[in-house]
There are 4 protein chains.
Amino acid sequence: MKRNKPKYKQIIDAAVIVIAENGYHQAQVSKIAKQAGVADGTIYLYFKNKEDILISMFREKMGLFIEKTEEVIAGKSSSSEKLLVMIENHFSILCDDHHLATVTQLELRQSNKEIRLKINDVLKKYLKLVDMILYEGIDRGEFDPSLDVRLTRQMIFGTIDEIVTTWVMNDHKYELAALAKPIHQIILRGCQAHQ
Amino acid sequence: MKRNKPKYKQIIDAAVIVIAENGYHQAQVSKIAKQAGVADGTIYLYFKNKEDILISMFREKMGLFIEKTEEVIAGKSSSSEKLLVMIENHFSILCDDHHLATVTQLELRQSNKEIRLKINDVLKKYLKLVDMILYEGIDRGEFDPSLDVRLTRQMIFGTIDEIVTTWVMNDHKYELAALAKPIHQIILRGCQAHQ
Amino acid sequence: MKRNKPKYKQIIDAAVIVIAENGYHQAQVSKIAKQAGVADGTIYLYFKNKEDILISMFREKMGLFIEKTEEVIAGKSSSSEKLLVMIENHFSILCDDHHLATVTQLELRQSNKEIRLKINDVLKKYLKLVDMILYEGIDRGEFDPSLDVRLTRQMIFGTIDEIVTTWVMNDHKYELAALAKPIHQIILRGCQAHQ
Amino acid sequence: MKRNKPKYKQIIDAAVIVIAENGYHQAQVSKIAKQAGVADGTIYLYFKNKEDILISMFREKMGLFIEKTEEVIAGKSSSSEKLLVMIENHFSILCDDHHLATVTQLELRQSNKEIRLKINDVLKKYLKLVDMILYEGIDRGEFDPSLDVRLTRQMIFGTIDEIVTTWVMNDHKYELAALAKPIHQIILRGCQAHQ
DNA sequence: CATGAATGAGTATTCATTCAT
DNA sequence: CATGAATGAATACTCATTCAT
């Protein structure tokens with residue numbers, strides 16, 4: 001299994017750095033190889049092609065997202081709190097790794113439709129976590145039972161994504177983590193039953 | 001003024017079609033020229049370069065968005081209704097022009113950072129309309145006075161954008177317009193004062 | 001006869017200015033037309049094509065050279081003096097018209113082989129004047145009777161041309177006219193009989 | 001060091017041939033690559049761009065000129081003889097390589113100002129050799145002590161260059177080497193003290 | 001005579017991928 | 001396993017010239 005070999009991760013980490021620092025269209029395979037400290041040809045011993053590096057990179061990083069999210073929501077009982085810690089976790093990971101934030105919010109979106117569709121597949125696992133929180137919230141009576149879960153999840157993800165993208169576009173110049181609570185407030189209102 | 005000459009609009013409309021049908025990176029200038037029924041060189045009598053075609057295209061189309069939105073919100077008195085017709089208008093325009101939807105949601109995002117920044121400038125005018133509705137709603141007592149307008153606007157735009165992108169990625173296979181009312185409900189809850 | 005119409009000379013003078021100021025490869029027909037104050041298409045009522053402008057320009061200006069040279073050498077009796085006034089005249093015309101100097105010494109030489117051969121044809125009339133002075137000098141006993149007139153003429157023209165080109169390349173920053181006498185001295189030695 | 005690799009020289013030699021046979025403006029990179037027996041992209045492993053091929057070509061060939069000239073003048077003691085062997089060497093190299101002659105005298109002069117300035121830099125080393133011969137000749141009492149070395153060098157180089165250019169323009173149809181002695185005679189007279 | 005909008009052929013350079021060593 | 005030299009397809013833009021008005 002190539003994924004466990006050290007050079008596999010080495011190349012993926014190099015790709016994040018190179019894309020963040022040079023932009024998607026200036027992230028040539030040769031630059032990634034140089035950053036990873038291997039020869040160009042070596043890349044192709046671990047990845048099928050350039051596209052495969054990008055998909056793999058997203059899969060690995062998104063895996064961390066999902067793992068961490070599962071951890072933090074496991075510690076909370078109310079759905080409202082689960083939403084909050086999920087948002088906090090989302091913001092926290094991207095705050096801690098500005099390179100990753102730039103890559104996922106700006107650079108990777110410049111890839112072509114084919115790659116973006118595959119990236120979306122990977123994303124689905126994360127979105128299912130949101131769905132689960134929503135279903136549970138409805139069951140628990142915390143959220144409006146008439147909620148359209150698919151639409152609400154799109155609202156939640158669209159909002160978080162837009163907030164993060166704007167933060168990245170503004171060069172991370174304000175404190176993203178501070179927005180978790182107010183965002184959670186706004187989102188929560190959209191989920192709760194209306195009197 | 002070149003913008004009023006027929007070939008100007010002819011070329012922009014050709015660009016929308018060619019990009020939608022071939023993808024951003026396969027939309028060569030020669031293809032656009034052919035689709036527009038002019039010679040390659042003629043493009044450059046109306047546009048500085050390829051980038052200029054894209055920016056101009058976005059500016060023209062977004063102009064229609066803003067114009068139409070101003071029209072429909074002018075006919076409504078309550079802020080809640082204004083939000084609704086704005087969303088309906090947004091969905092309606094993209095439903096009526098699948099090519100345009102594909103181009104704005106998927107293809108144009110593959111452009112380089114420079115182009116995307118210029119596109120963002122154009123977008124800001126549209127976002128200001130949302131801000132205006134929100135401020136007015138707070139004044140009218142319809143919306144929560146403690147609302148963070150900037151965050152709320154990001155929630156609204158992020159939600160709409162995510163909904164539309166998902167619809168485009170699913171090949172427009174369901175009725176986007178039908179989502180306007182439920183989305184409006186969800187968004188509205190986020191804006192209204194909580195008891 | 002088009003050559004006597006005002007726009008003919010107007011276009012040629014415009015060409016000298018545009019080429020001098022923009023360089024040969026940046027002297028587009030449209031620039032020349034603009035400088036001449038006529039429409040692009042008008043150029044083609046007076047010249048067959050762009051090449052024809054250049055050849056005609058060289059022919060007109062070289063005509064002035066020859067005319068003036070004939071005037072000044074007519075006023076001198078000794079061949080040595082004739083050589084001197086010819087050189088002085090050559091330098092004087094180019095000193096008085098820096099644009100022309102730049103065009104003939106640097107820019108026009110960037111034209112292709114075909115144009116340069118045609119320019120050489122025009123130049124031949126001027127070179128024949130040099131030959132005439134040399135033959136006369138031999139007849140008069142001023143110059144070495146064993147002189148190879150063709151080679152000597154090439155020496156004279158090559159020297160003058162190199163001197164002027166170097167002066168233009170140094171941005172006309174020293175007094176070209178002051179070099180006429182010393183150059184004449186050097187050239188003269190090459191022509192006179194050796195003891 | 002790329003300059004010592006075989007493909008470096010291979011490409012330069014291909015460039016001389018392609019430019020000589022097709023003319024400067026018809027010497028596409030792909031033609032040069034084909035002539036050199038390499039892929040288009042390979043060119044760019046050895047040269048920064050097309051301009052770099054031309055400058056390098058001139059530098060390499062002019063290097064041979066200077067090297068050979070230094071060799072032949074080292075074998076002579078009198079300055080007069082040094083001038084002669086320098087001229088003979090100059091003519092001999094170009095006689096032996098008609099392609100090179102065409103390229104240096106006609107085609108390379110069509111390049112833009114930037115390239116020509118860089119070529120001139122390379123040329124300066126050759127011109128310094130002429131200066132050295134002249135200074136030595138004055139010291140040895142062979143040449144007129146009142147000689148203006150700069151002007152004289154321009155006379156010598158201008159003469160040689162004009163002779164060669166005329167020979168190339170006449171399709172090398174006469175024996176250039178045969179002109180070395182008479183030219184040397186003419187030049188020599190210009191250098192020697194006059195009685 | 002004069003105009004100027006329209007034409008369309010032509011080319012340097014990049015970079016993902018391969019394969020002989 | 002690892003290398004890195006070599007490959008070659010693919011594309012925006014310019015500008016001399018024309019011709020309908």
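Below, read A as the first sequence line, B as the second, and so on, with proteins coming before strands; counting in each chain starts at 1.
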Under 3.5 Å, is there a donor-acceptor pair between the side chain of A/K125 and the main chain of A/M62? no
Classify the ring geometry between B/Y8 and B/F47 as parallel (under 30°), tilted (30 to 60°) or perpendicular (over 60°). parallel
Kindly assign one of parallel, tilted or perpendicular to the pair A/Y126 and A/F65, based on the angle between their ring planes and the thresholds 30° and 60°. perpendicular
Write down the distance between OH (A/Y44) and P (E/dC15), rounded to a whole number of angstrom. 13 Å
To the nearest Å, how far apart are A/N112 CG and E/dA16 C1'? 14 Å
State which residue, out of C/Q110, C/Q105, C/R109, fulfils the side-chain hydrogen bond (donor to acceptor under 3.5 Å, both in side chains) condition with C/E107. C/Q110
Side chain to side chain contact (heavy atoms under 4.5 Å, CB included), that's the test. Do B/L123 and B/F58 meet it? Break it down for me. CA-CA 9 Å; B/L123 197 62; B/F58 196 77; 4.2 Å; yes
So do the side chains of B/H99 and B/E21 get within less than 4.5 Å of each other, counting heavy atoms only? yes
Reckon B/Y46 has a side-chain N or O less than 4.0 Å from the OP1 or OP2 of E/dA6? yes
Atom-pair distance (CD1 on A/I43; C1' on E/dA16), nearest Å: 11 Å
The test is salt bridge (charged side-chain N to carboxylate O under 4.0 Å, His left out); show your working for C/K118 and C/D121 and say whether it passes. CA-CA 5 Å; C/K118 289 187 184 169; C/D121 276 346; over 6 Å; no
May I have the distance from A/D40 (atom CG) to F/dT7 (atom C1'), rounded to whole angstrom? 13 Å
For DNA chain E, what residues of residues 15-39 of chain B have any heavy atom nearer than 4.0 Å? B/V38, B/A39
Any A/K7 side-chain nitrogen or oxygen under 4.0 Å from OP1 or OP2 of F/dA2: yes
NA contact type, B/F47, heavy-atom cut-off 4.0 Å: base, sugar-phosphate, or nothing? nothing
Going by number, which of residues 48-58 of chain A have a non-hydrogen atom under 4.0 Å from DNA chain E? A/N49, A/K50
Between B/T42 and E/dT7, is there a contact of a side-chain N or O with OP1 or OP2 at under 4.0 Å? yes
Using the criterion of both pairing distances under 3.5 Å for Watson-Crick and G-U wobble pairs, give all stems of 3 or more consecutive pairs involving DNA chain F. E:2-21 with F:2-21
Do C/K61 and C/D13 have side chains that get closer than 4.5 Å, going by heavy atoms? yes
Tell me whether B/K31 contacts the main-chain N or O of B/Q26 through its side chain, where contact means a donor paired with an acceptor under 3.5 Å. yes
In the structure I gave you, are the side-chain heavy atoms of B/H25 and A/H25 within less than 4.5 Å of one another anywhere? yes
If you take all heavy atoms of A/D40 and A/A33, which pair is closest and at what distance? OD1-CB, 3.6 Å
